[in-house]
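See below for the structure under consideration.
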Protein chains: 2
Amino acid sequence: MADGPGNPATSESLLFLTDEQLRKGIEAMFFAYRGFTADPDRILEELGYGRAHHRAVHFIHRSPGTTVNNLLSILGVTKQSLNRVLRTLIEDGLVESRVGRQDRRERHLHLTEAGTQLERRLSDAQRDRMRHAFRQAGPEAVIGFRAVLEAMMDPELRHHYTALKEGN
Amino acid sequence: MADGPGNPATSESLLFLTDEQLRKGIEAMFFAYRGFTADPDRILEELGYGRAHHRAVHFIHRSPGTTVNNLLSILGVTKQSLNRVLRTLIEDGLVESRVGRQDRRERHLHLTEAGTQLERRLSDAQRDRMRHAFRQAGPEAVIGFRAVLEAMMDPELRHHYTALKEGN
DNA sequence: TTGGAAAGTCAACAAGGCTGACGTATTGTC
DNA sequence: GACAATACGTCAGCCTTGTTGACTTTCCAA
């Protein structure tokens, strides 16, 4: 089995690592992310919210009772930045901030009924697109999709992704 | 072949469409995109640029001589927004704007030598991460990754992704 | 030739990042 | 009991990057 530069098998097996393939992957991320956020963005706009509000609502829904500090480490923004968003959500009655029972310095965040409804509306829209893409591409592709994305994350942030119930 | 709710084959084959699977997909996109932009962001920051500059440089490199209008349709922002970015890039000598020969209203955009160098530096960083993720996940996964992302794009924007030399 | 459309530029504003400084309540430690 | 550390909130001010509105230059078609 010669392995020269002209060997078709060799070039084929490495084809997915050529600069052109990598560029395609980069642009795929760019354009897909646009689609990924497009539907929620439309809903948010009519309510006067932005993506920052969506992120907060999403992760409060995922981890009810989470603290401000925990949310900060997930979102990777400053507390001043998060606070601005959180304040409007609390004022608008979408999020409730409860003083911690063990540690009264902490604030535990929960979605109100209205907050839960908005979360549902946003995630329904986003899931619809994700479901369509998954169905279109098939189960095998979904495995690959997840594998590549997981490998693309910063290692020190990956635990936020896998921290929940493992195996799902 | 009964198809009851307890049938393992059925639930397994549809497992990738459960709400929990979709939520994982959504968060995978969120965290992966953060990693995807992290390396270029660091380079851009030390130069006083942002992601908007990166996007402009990337697509001018991909399509030398492209017009401002064409760039607008790819990037999906207003021309005023793009213009601000473009102006600084031109002032800094990274991009050259040439008046169109047929239509003198048009401006054809090219990277200068310095612009090409910056593009190289940015895309090297981003390709390194993409390459690592591709290698980690394997060729089969890359196929799936691309299939899912392509299905996630807005149909009317997808042509920007596949418009180049097909089959690469 | 003139009026509309198209390409691009300038001005001003808003969202949402950031840093820095500071205040307050609470907790834990010496 | 004093004191440092922690969790959170807030004010001020900056930057990037999105927006709309008003404008010029250029082209083309009636």
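No hydrogens, no waters, no symmetry mates; every other heavy atom, side chains included, goes into these values. Just so we're on the same page: letters track the sequence lines, and every chain starts at 1.
A straight line from CD of A/Gln102 to C1' of C/dG28 spans 16 Å, rounded to a whole angstrom. Straight-line distance from the CG atom of B/Asp92 to the P atom of D/dT16: 11 Å, rounded to whole Å. Atom C1' of nucleotide D/dT24 and atom CZ of B/Arg107 are separated by 11 Å, given to the nearest angstrom. Put simply, CG on A/Asp103 is 17 Å from P on D/dA5, counting in whole angstrom units. Rounding to whole angstrom units, CZ of residue B/Arg87 and P of D/dT17 are separated by 13 Å. Protein atom CG of A/Asp41 is 12 Å distant from nucleotide atom C1' of D/dG18, rounded to whole Å. Atom CD in A/Glu91 sits about 12 Å away from atom P in D/dG9, given to the nearest Å. In this structure, CD of A/Glu106 is placed 16 Å from C1' of C/dT24, rounded to the nearest angstrom.
Here A/His108 lies out of heavy-atom contact (under 4.0 Å) with every strand. Contact annotation for A/Arg84: base contact, defined as any heavy-atom pair under 4.0 Å involving a base atom. If you check every strand for non-hydrogen atoms under 4.0 Å, A/Gly48 touches nothing. At a threshold of 4.0 angstrom between heavy atoms, the contacts of A/Glu45 with the nucleic acid are absent.
OP1 or OP2 of D/dT26 has at least one side-chain nitrogen or oxygen of B/Arg104 nearer than 4.0 Å. Residue B/Ser81 places none of its side-chain N or O atoms closer than 4.0 Å to OP1 or OP2 of D/dT17. Note on A/Arg55: a side-chain N or O is less than 4.0 Å away from OP1 or OP2 of C/dG17. Dashed line: the shortest gap from a side-chain N or O of B/Asn83 to OP1 or OP2 of C/dG8 is not under 4.0 Å. In terms of phosphate contacts, A/Asn69 brings no side-chain nitrogen or oxygen within less than 4.0 Å of OP1 or OP2 of D/dT6. For the OP1/OP2 pair of D/dT17 and a distance below 4.0 Å, the side-chain nitrogens and oxygens of B/His53 include at least one atom meeting the criterion. For C/dG8, neither phosphate oxygen OP1 nor OP2 lies less than 4.0 angstrom from any side-chain nitrogen or oxygen of B/Arg98.
Mapping A/Gln80 and B/Gln80 onto DNA chain C by nearest heavy atom places B/Gln80 at the nucleotide closer to the 5' end. Two residues, B/Leu72 and A/Val77, neighbour DNA chain C, and the one matched to the more 5' nucleotide by heavy-atom proximity is B/Leu72.
Within the model, atoms CD of B/Glu106 and CZ of B/Arg101 stand 13.0 Å from one another, a figure rounded to the nearest 0.5 Å.
Between B/Ile60 and B/Leu86 there is a side-chain heavy-atom pair separated by less than 4.5 Å.
Between A/Asp39 and A/Arg129, the shortest heavy-atom distance links the atoms OD2-NE, 2.9 Å.
A tilted orientation is assigned to the rings of B/Phe36 and B/Tyr33, their planes being inclined by 30° to 60°.
A salt bridge does not link B/Glu119 to A/Arg23: none of the charged nitrogens lies less than 4.0 Å from a carboxylate oxygen.
Pairs passing the salt bridge (Lys or Arg N to Asp or Glu O under 4.0 Å) check and including a residue from residues 79-97 of chain A, sequence neighbours excluded, read A/Glu96-A/Arg98.
Relative to the side chain of A/Arg105, the nucleotides C/dC18, D/dT19, C/dA25 differ in distance, and C/dA25 lies closest.
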